[in-house]
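Working notes for the structure below.
Please read all numbers here as calculations on a predicted model, not as lab measurements. Quick note: numbers below take in every heavy atom, side chains included, and nothing from hydrogens, waters or symmetry partners.
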Amino acid sequence: MIHSDVHLGNFHVQNGNITIFDFDDLMYQYFIHDLAIVLYYSLLGSNMEEEEKTLFARHQLSCLREGYESQHILDECWYEHLHLFLRLRDITLCGVIYKKFEGKDMPDNYAQIIESIEERLRNRQPIVKL
């Protein structure tokens with residue numbers, strides 16, 4: 001079972017301790033999915049150039065992995081499939097946004113997110129190439 005929605009709005013850091021909350025999206029899924037979601041949301045909406053985004057993502061993943069694997073070690077093969085879980089988050093978020101604005105005008109910031117997600121999905125690309 002994983003949280004499946006860890007982003008800036010769903011955790012708090014105090015005295016070096018992280019408290020994660022908002023478990024309404026809890027699900028059974030592969031553990032790598034939770035790491036992919038954290039990485040995904042750290043990149044969403046970024047205006048970084050591709051090279052800078054890749055370097056940032058590699059560093060972010062290294063930090064995530066160090067912390068995560070202090071408790072649970074994942075086999076290396078899961079990291080080799082991380083791109084698939086990043087694409088899965090694109091698909092999921094796209095569906096969530098369309099449902100949220102069904103029959104309503106979509107604000108520009110959401111329309112921009114949808115446009116970038118749909119382009120990645122058409123090109124079968126994750127939010128970042130690691």
Point to revise | Student check: side-chain heavy atoms of Thr92 and Asp90 closer than 4.5 Å | key: no
Review point. Counting distance only, does the side-chain N/O of Asp75 pair as donor-acceptor with the main-chain N or O of Cys77 below 3.5 Å?
Key: yes
Check your understanding: When you look at Tyr110 and Phe101, which way does the ring-ring contact (aromatic ring centres under 6.0 Å, His included) test go after all the steps?
Key -> CA-CA 9 Å; Tyr110 282 95; Phe101 294 104; 4.8 Å; yes
Point to revise | Gap separating the OH atom of Tyr79 from the CG atom of Leu130, nearest 0.5 angstrom | key: 12.0 Å
**Study point:** Between Phe23 and His3, ring centroids under 6.0 Å
**Key:** yes
Practice item. Return yes if a side-chain donor-acceptor contact under 3.5 Å exists between Tyr68 and Asp34, otherwise no. Key: no
Review point. Can you tell if the side chain of Tyr40 reaches within under 4.5 Å of the side chain of Leu93, non-hydrogen atoms only?
Key: yes
Check your understanding: Taking side chain as C-beta onward, heavy atoms only, is Phe11 less than 4.5 Å from Val13?
Key -> yes
Review point. With a 4.5 Å heavy-atom cut-off, do His59 and Leu55 have their side chains touching?
Key: no
**Study point:** Mutual orientation of the aromatic rings belonging to Trp78 and Tyr30 [parallel < 30°, tilted 30-60°, perpendicular > 60°]
**Key:** tilted
Point to revise | Neighbour count >12 (heavy atoms, 6.0 Å) for atom CG, Asn123 | key: yes
Practice item. Before giving the answer on side chain to side chain contact (heavy atoms under 4.5 Å, CB included), spell out for Leu35 and Leu74 the whole-Å C-alpha distance, their side-chain angles and the decisive distance to 0.1 Å. Key: CA-CA 11 Å; Leu35 295 178; Leu74 293 177; 3.9 Å; yes
Check your understanding: Do Glu115 and Arg120 sit within salt-bridge range, that is, some charged N less than 4.0 Å from a carboxylate O?
Key -> no
Review point. So, does Asp5 use its side chain to make a donor-acceptor pair with the main chain of Asp25 at under 3.5 Å?
Key: no
